[in-house]
Amino acid sequence: MLKKILISVAMLFSFLDAKDDYQMGLGYQLGDTPLYLGGYLAARYDINHGEQEFDLDDVAVLLYGSFEKFDFLSEIEASDVTFEKEGKRDYDLANSTFHIERLYVTIPLKDDASVHFGKFNTDIGFWNQTPINVLHDTTTPPHIMTDLFPKLTTGIGYIKSINDNFSLSLALQHNHDIDDEFNNLFVKQHYNFSIKNTQDSYTWGVGGGYFKEKNDQSSTYATVGIQKEFEKWTLLSEVYSRVTDDAPSVPYDIYLQGTWHFKDKHDIAFRTETYNDEIEDSSDTVGLIGYTYRPYPFMAIKGEFEAHSIERLSHAVFSFSVIF
């Protein structure tokens with residue numbers, strides 16, 4: 001099975017690369033239509049206390065385009081596709097089902113505003129706005145991406161540029177998700193807002209929301225974050241908090257991440273994080289150091305070590321990711 005997947009990926013790359021008007025990372029235009037076919041792949045090798053696991057962290061196919069009056073994007077994805085050994089030389093797949101991660105249309109409005117309908121990334125914070133592995137500075141995400149707020153919203157979203165610096169985002173969900181088996185939290189209501197201010201070299205933002213899960217447990221959450229660009233550094237910090245109906249205390253998560261662009265195509269990332277998650281009955285302090293090599297803008301090779309105060313969670317991770 002592994003061999004079949006690798007052959008299929010190689011054939012797809014060869015087919016796309018053979019087209020004179022195709023550029024890696026930019027998708028393939030379908031004839032004379034405004035539609036493009038693309039995707040991304042992320043493979044991960046995880047070592048945890050002597051145990052080793054290889055999986056396809058993300059395998060996704062994208063179909064997107066800009067029409068006269070609206071933009072369209074659809075994405076189907078399989079995540080955490082693990083390889084289970086079957087015999088001496090054969091491997092089989094687990095969790096290989098594809099799901100709808102995103103499916104929405106965006107309609108531009110007057111006065112630098114737009115509205116989108118469907119399933120889209122929740123416009124909260126910084127990390128959640130770059131869901132593709134190759135665009136991140138590390139393979140391992142902060143704990144905040146686990147269960148402090150729904151990463152995806154199915155409903156109506158509104159984005160408004162107030163002026164050259166400020167932007168406002170609002171979203172409303174009063175229904176179940178499209179493909180509600182694919183989200184970090186399974187909700188039937190979700191309302192959120194976000195305000196961001198962008199200057200020459202930094203962006204700060206605040207946001208928050210309310211959601212109700214399928215089991216009728218309701219929560220409110222809030223976040224504040226800042227991203228700062230220097231000549232050789234990028235600093236990113238976010239603070240999240242969530243209050244749940246029956247939680248005995250207030251979960252929180254705070255992290256600070258620095259990325260040193262010490263050489264062209266080469267980065268070193270550092271991250272420290274602490275969180276208290278009463279909902280999952282866990283708290284932890286985390287330190288991470290990682291290295292990223294980007295031979296091309298559409299490709300990343302990463303290695304990192306993440307140390308946890310909960311020793312069994314400490315692990316090393318290596319990954320390869322590409323957009324095509």
Side-chain angles (χ1 to χ4, degrees), residues 40-58 79-80 82 125-148 151 184 201-204 223-240 251-277 280 282-323:
Y40 55 91
L41 170 72
R44 182 182 63 192
Y45 182 61
D46 198 315
I47 304 173
N48 185 339
H49 293 278
E51 296 185 2
Q52 303 175 28
E53 180 180 90
F54 174 73
D55 64 18
L56 295 178
D57 191 29
D58 289 308
S79 293
D80 298 325
T82 58
F126 292 94
W127 190 279
N128 200 49
Q129 305 316 305
T130 52
I132 301 176
N133 181 291
V134 69
L135 302 177
H136 288 148
D137 292 332
T138 66
T139 301
T140 308
H143 179 77
I144 59 168
M145 301 310 301
T146 304
D147 61 8
L148 284 186
K151 295 189 295 184
N184 61 321
S201 62
Y202 71 90
T203 300
W204 63 262
T223 178
V224 59
I226 185 169
Q227 181 171 278
K228 171 71 174 177
E229 298 284 347
F230 299 91
E231 182 179 359
K232 290 285 187 179
W233 283 85
T234 299
L235 290 180
L236 173 62
S237 182
E238 297 187 81
V239 180
Y240 284 78
Y252 66 86
D253 192 320
I254 178 172
Y255 76 88
L256 172 65
Q257 178 173 297
T259 304
W260 177 29
H261 314 292
F262 72 98
K263 189 178 179 181
D264 184 35
K265 302 181 181 180
H266 300 266
D267 295 335
I268 293 180
F270 307 88
R271 186 168 70 231
T272 181
E273 178 181 17
T274 184
Y275 67 84
N276 177 38
D277 190 342
E280 294 296 321
S282 67
S283 61
D284 197 0
T285 299
V286 186
L288 178 147
I289 182 169
Y291 164 75
T292 300
Y293 171 54
R294 301 182 187 274
Y296 307 100
F298 53 82
M299 184 183 297
I301 302 169
K302 304 174 189 174
E304 61 201 53
F305 179 75
E306 194 176 53
H308 292 252
S309 60
I310 304 174
E311 185 180 356
R312 60 181 173 81
L313 298 179
S314 299
H315 63 147
V317 181
F318 302 89
S319 71
F320 168 82
S321 54
V322 63
I323 304 175

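Keep in mind that the numbers below use all heavy atoms, side chains included, and drop hydrogens, waters and symmetry copies.
For the atom pair Ile144 CD1 and Asn184 CG, the distance stands at 11.0 Å (nearest 0.5 Å). In this structure, CZ on Arg44 lies 10.5 Å from CZ on Phe54, to the nearest 0.5 angstrom. The line from CG of Leu288 to CD of Glu273 is 9.5 Å long, rounded to the nearest 0.5 Å. Here CD1 of Ile254 is found 11.5 Å from OG1 of Thr285. Values are rounded to the nearest 0.5 Å. Once rounded to the nearest 0.5 Å, the distance linking NZ of Lys265 with OG1 of Thr292 reads 14.5 Å. Ile132 contributes atom CD1, which lies 4.5 Å from atom CD1 of Ile323 (distance to the nearest 0.5 angstrom).
For Glu51, the CD atom counts as loosely surrounded, since its 6.0 Å shell holds 12 or fewer non-hydrogen atoms of other residues, nucleotides or ligands.
Tyr293 and His266 make their closest contact through CD1-CE1, 3.4 Å (heavy atoms, listed as atom of the first residue, atom of the second, distance). Ser314 and Phe305 get closest at one heavy-atom pair: CB-CZ, 4.4 Å. Between Ser319 and Thr139, the closest heavy-atom pair is OG-OG1, 2.6 Å. Taking every heavy atom of both residues into account, Asp46 and Val317 meet most closely at OD2-CG2, 3.8 Å. For Gly225 against Phe126, the heavy-atom pair with the smallest separation is C-CE1, 3.5 Å. Across Phe262 and Lys232, no two heavy atoms sit closer than the pair O-NZ, 4.3 Å.
Without hydrogens or angle criteria, Asn276 side chain to Ser283 main chain gives no donor-acceptor distance under 3.5 Å.
Checked against salt bridge (charged side-chain N to carboxylate O under 4.0 Å, His left out), Glu306 has the following partners two or more places apart in sequence or in another chain: Arg271. Residues satisfying the side chain to side chain contact (heavy atoms under 4.5 Å, CB included) test with Glu311, not counting sequence neighbours, are His49.
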### Task
Begin from the C-alpha positions of His315 and Leu313 and carry the test side-chain contact (heavy atoms from CB on, under 4.5 Å) through to its verdict.
CA-CA 6 Å; His315 63 147; Leu313 298 179; over 6 Å; no
### Query
Going through the checks in order, is the side-chain contact (heavy atoms from CB on, under 4.5 Å) test met by Leu148 and Tyr275?
CA-CA 11 Å; Leu148 284 186; Tyr275 67 84; over 6 Å; no
### Task
Apply side-chain contact (heavy atoms from CB on, under 4.5 Å) to the pair His143 and Asp284, showing each step before the final yes or no.
CA-CA 9 Å; His143 179 77; Asp284 197 0; over 6 Å; no
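Side-chain contact between Leu235 and Tyr202 is absent, with no heavy-atom pair separated by less than 4.5 Å. Looking at heavy atoms from C-beta onward, Tyr40 lies out of side-chain contact with Val134 at the 4.5 angstrom threshold. Using a 4.5 Å cut-off on side-chain heavy atoms (C-beta onward), Tyr255 and Leu236 make contact. Within the 4.5 Å cutoff, the side chain of Met299 has heavy atoms near those of the Phe320 side chain.
Identified under the side-chain hydrogen bond (donor to acceptor under 3.5 Å, both in side chains) test for residues 294-304, with sequence neighbours left out: Asn133-Lys302, Thr140-Glu304.
A cation-pi arrangement is present between Lys228 and Phe230, with the terminal nitrogen or guanidinium carbon under 6.0 Å from the aromatic centre and inside a 45° cone about the axis.
Remark: the Tyr240 side chain and the Glu238 side chain contain an N/O donor-acceptor pair separated by less than 3.5 Å.
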